[in-house]
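Counting from 1, the numbers follow the sequence of the chain as shown.
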Amino acid sequence: MGSNFEFVNPQFFWLFLLLPVLVLWYLWKRKQQTASLKISSVSGFKSGKNWLARLKPLLFALRLLALSALIIAMARPRTVDESTKTKTTRGIDIVMAIDVSASMLARDLKPNRLEALKTVAARFINARPNDRIGLVEYAGESYTRTPLTSDKTIVLSSLKNITYNTTIEGGTAIGSGLATAVNRLKESRAKSKVIILLTDGVNNTGFIDPKIASELAVEFGIKVYTIGLGSNGMAMSPIGIRPDGGFQYGNVQVEIDEALLKEIAEKTGGQYFRATSTTKLEQIYEEINKLEKTDIEEFKYTHYDEMFRPWAIFALILVGFEFLLRITIFKGFL
C-alpha cells in the first residue's frame, strides 16, 4: 500500500502571481483615496474609534487569504492510495531430475558437482514462487524424492538433504530418471510442464531406453531441458573406496552423452545446455528461468481522497467573515 499527495490541477497556482499585483493596486488606491490636510493641531479629531480605521486593511487581507484558499481548492489537492494484488493465472509444473551417481562427487566444480548443483538449484527454486516443483533422484535406478508441490520450504529442505548414498544402485540410468519425472507430470493440468534433466555421464544402465522416455514426454506435452554437467577434459573423480570408507580420487576423462541429451531436448521442444563450471551452471538456470515464464495477472486498486472541499469551505468562511465585518464594525469607515 502506497500513499501519495498530489495536486490534480497545479496550473492554477499561477494565479498566485496576481496577489502581489492586487497588493500594489490596493496600496495605490488607498493612497489616492486618502486626503491630506495641514492643521496646527489634531486634538479635536481624536476619537476612540481611530483604532478601527487602522484595522481597515484587515478586510483586504481577509480577501487575499480567501483568494489564496480558493486557488488551492481549484488546484484540487488529494491523497492517492494504491494497492496491488497479483494472481497466478497459468502456473508451470517443473520436475528437476538430478543425477546422484558417484561421479557427481567430482571436484571440477567446487566443492563438487552435486553441492554446486544444489546451491544453484536452490536459487532457481526461490525464483519460482508461483510454480509447483518436484524432485527426482536417479543413478542406476530412480525414485521421486519430492512430488509436485507449491511449498518451496519442503522442496528446498529435500534438495538440501540430497547426498550420494549406496542405497540406490550405481550407474547412470538417464531413461529411468526421465521416465520417473514424466510419471510425476503426466496428469498435471498446468499450462506448461517442464523437466530439467541433469547428468554428468552416459546412459549405462536401467530398463528404460531414454528415447522411449522422451517419446512419453512428447505424448504428455512435457518439455525437457537437459544439462550436461562437467568440465571439458579430465576431472578429479571417485575411482575407488579406501579402507575407511572414503573415496579415493583420481583424474578421470569427463564423458557426457551430449548427442543423446540434445536429441531428448530437441524432440520435446526443450534445449540442451553444457555446464562446465558453477558460473555456467548459474547462467543456464537463469536462462531456463527466463524461457519458462509464469503468467501473472496484476490488479491495481486506487483510492482518491479529495481535499479541495475544506479549502473551498475555508475560503467561503473568510469571505463571509469579511462581509460581516464590512457591514457591521467597519461600516462607518468605508
Side-chain angles (χ1 to χ4, degrees), residues 1-90 126-130 286 289-290 293-334:
M1 176 76 73
S3 181
N4 299 297
F5 181 82
E6 68 177 14
F7 289 95
V8 180
N9 304 312
Q11 62 271 20
F12 281 107
F13 285 130
W14 288 104
L15 293 175
F16 277 114
L17 295 176
L18 291 176
L19 299 186
V21 177
L22 292 175
V23 171
L24 292 175
W25 174 82
Y26 175 78
L27 294 174
W28 176 82
K29 185 178 178 183
R30 180 180 174 84
K31 183 177 181 181
Q32 291 295 109
Q33 292 178 345
T34 303
S36 60
L37 177 64
K38 293 183 178 180
I39 57 177
S40 59
S41 175
V42 295
S43 58
F45 296 93
K46 287 184 179 180
S47 169
K49 293 186 178 181
N50 283 348
W51 63 275
L52 286 176
R54 289 194 294 268
L55 290 178
K56 183 182 174 182
L58 176 62
L59 300 177
F60 180 71
L62 288 173
R63 286 190 178 185
L64 288 182
L65 193 57
L67 179 59
S68 299
L70 186 60
I71 292 173
I72 294 174
M74 290 189 296
R76 279 188 65 189
R78 68 182 182 184
T79 58
V80 183
D81 292 328
E82 293 184 352
S83 62
T84 57
K85 182 180 180 181
T86 58
K87 177 184 178 183
T88 303
T89 56
R90 303 172 71 190
N126 281 319
R128 312 292 303 193
N130 302 301
E286 287 175 4
N289 191 39
K290 294 176 183 178
K293 287 294 185 183
T294 300
D295 292 343
I296 298 178
E297 192 172 8
E298 182 176 271
F299 299 92
K300 186 175 182 179
Y301 303 93
T302 306
H303 174 72
Y304 298 101
D305 185 11
E306 299 287 352
M307 302 176 66
F308 70 90
R309 293 181 183 85
W311 289 99
I313 294 172
F314 181 53
L316 183 61
I317 291 173
L318 290 174
V319 171
F321 184 54
E322 188 267 348
F323 177 75
L324 184 63
L325 291 176
R326 183 178 291 274
I327 64 175
T328 55
I329 298 176
F330 292 96
K331 184 176 182 180
F333 297 90
L334 301 176

Can you name the residues that form a side-chain contact (heavy atoms from CB on, under 4.5 Å) with R63, not counting sequence neighbours?
->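 Once residues adjacent in sequence are excluded, the partners of R63 under the side-chain contact (heavy atoms from CB on, under 4.5 Å) criterion are E322, R326.
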Partners passing side-chain contact (heavy atoms from CB on, under 4.5 Å) against Y26 (at least two apart in sequence or in another chain) =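 Y26: side-chain contact (heavy atoms from CB on, under 4.5 Å) contacts with R30, P57, F60.
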Rounded at 0.5 Å granularity, tell me how far [atom1] in [X] sits from [atom2] in [Y].
X	Y	atom1	atom2	answer
I317	L62	CD1	CG	12.5 Å
W311	I71	CH2	CD1	11.5 Å
R309	R78	CZ	CZ	12.0 Å
N126	N289	CG	CG	11.0 Å
M307	F7	CE	CZ	8.5 Å
L15	I72	CG	CD1	11.5 Å

[X] versus [Y], closest heavy-atom pair with distance:
X	Y	value
A315	A66	CB-O, 3.4 Å
E6	Y304	OE2-CE2, 4.2 Å
V21	L17	CG2-O, 3.8 Å
F5	P77	CZ-CB, 3.7 Å

Any chance CZ of F323 has more than 12 other-residue heavy atoms, nucleotides or ligands included, within less than 6.0 Å?
->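 Check fails, neighbour count at 12 or below.
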Residues, nucleotides or ligands: over 12 heavy atoms within 6.0 Å of F13 CZ |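 Counting other residues, nucleotides and ligands, CZ of F13 exceeds 12 neighbours.
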Side-chain heavy atoms of L67 within contact of L22, under 4.5 Å =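 Sidechains of L22 and L67: in contact.
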Is D81 close to D305 at the side-chain level, that is, under 4.5 Å between some pair of heavy atoms?
->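 No - every pair of side-chain heavy atoms lies 4.5 Å or more apart.
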